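Chain A is the first sequence line, chain B the second, and so forth, proteins listed ahead of strands; every chain is numbered from 1. None of these values were measured; they are calculated from a predicted model.
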Amino acid sequence: MRSKPANDTLNHQAVYDLIQSVPAGKVTTYGDLAMALGNPGASRAIGRILGQNPNPIVVPCHRVVMSDGRLGGYANGILRKKELLEREGLAFAKGSVNNFDQVRIKLPSSTHGLIRKSGIRS
DNA sequence: GCCATGGCTAGTA
DNA sequence: GCCATGGCTAGTA
């Protein structure tokens with residue numbers, strides 16, 4: 001759809017900041033990030049944002065996976081993503097992270113994630 | 001209109 | 001499998 005009604009948008013920098021709180025050996029999900037940033041419906045947008053820019057050295061976006069434990073995507077290919085995660089101690093079966101609930105961390109909730117769009121008529 | 005998602009139905013085995 | 005959602009780009013006017 002070309003036009004949409006959304007009134008909120010995400011602060012990209014806040015997304016990158018938040019991902020930095022995910023330690024090696026752990027993961028989070030697109031949806032959890034969206035939730036922590038106060039925009040629960042934005043999981044898909046999170047994925048798009050990650051694909052944009054991140055400086056992979058400082059922002060470990062390979063630690064962001066799907067809500068069901070499957071890999072999701074990666075700019076350098078999901079094979080690479082899997083390698084990185086395995087190097088950090090994770091294991092996979094049938095494309096999903098083993099023991100997903102134990103390695104999935106709880107994110108700190110962030111306040112500055114949402115930007116209110118201006119110029120909305122009420 | 002495309003997509004690095006996610007949640008909820010249907011409909012098989 | 002469908003479709004709502006949010007961010008983005010290409011490509012027309």
Pairwise side-chain contact, A/Y74 with A/L79, heavy-atom cut-off 4.5 Å (strictly under): no
Distance in angstrom units between A/M66 CE and C/dT5 C1', rounded: 16 Å
Distance in angstrom units between A/Q52 CD and B/dC2 C1', rounded: 12 Å
Validation row: A/T29, A/M66 side chains within 4.5 angstrom (heavy atoms): no
Any A/S67 side-chain nitrogen or oxygen under 4.0 Å from OP1 or OP2 of B/dT5: no
Donor-acceptor pair, side chain of A/N98 and main chain of A/L90, under 3.5 angstrom: no
Rounded distance (Å) that lies between atom P of C/dG7 and atom CG of A/N11: 11 Å
Donor-acceptor pair under 3.5 Å, A/Y74 side chain vs B/dA4 base: no
Any donor-acceptor N/O pair, A/Y16 side chain to A/C61 backbone, under 3.5 Å: no
Euclidean distance, atom CG of residue A/L84 to atom P of B/dA4 [Å, nearest integer]: 18 Å
Interface residues of residues 42-51 of chain A with DNA chain C (non-hydrogen, below 4.0 angstrom): A/A42, A/R44, A/A45, A/R48
OP1 or OP2 of C/dG6 under 4.0 Å from side-chain N/O of A/N39: yes
OP1 or OP2 of C/dC8 under 4.0 Å from side-chain N/O of A/H12: yes
Sugar-phosphate, base or nothing in reach of A/A34, heavy atoms under 4.0 Å: nothing
Worked check of side chain to side chain donor-acceptor pair (under 3.5 Å) between A/H62 and A/E88: CA-CA 11 Å; A/H62 63 281; A/E88 294 174 357; 2.8 Å; yes
Euclidean distance, atom CD1 of residue A/I78 to atom P of B/dA4 [Å, nearest integer]: 11 Å
Helical stems, DNA chain C - three or more consecutive Watson-Crick or G-U wobble pairs below 3.5 Å: B:1-3 with C:6-8, B:5-8 with C:1-4
Audit row: A/K106, A/D32, salt bridge (charged side-chain N to carboxylate O under 4.0 Å, His left out) steps and yes/no: CA-CA 8 Å; A/K106 179 158 55 178; A/D32 287 350; over 6 Å; no
A/D32 CG - B/dG7 C1' separation (whole Å): 14 Å
Euclidean distance, atom CG of residue A/L10 to atom C1' of C/dC8 [Å, nearest integer]: 13 Å
Separation of B/dC3 P from A/Y30 OH (nearest whole Å): 15 Å
A/V103 side chain reached by A/V97 side chain, heavy atoms, under 4.5 Å: yes
Under 3.5 Å donor-acceptor, A/K81 side chain and A/G73 backbone: yes
Between CG on residue A/L18 and CG on residue A/N11, distance to nearest 0.5 Å: 11.0 Å
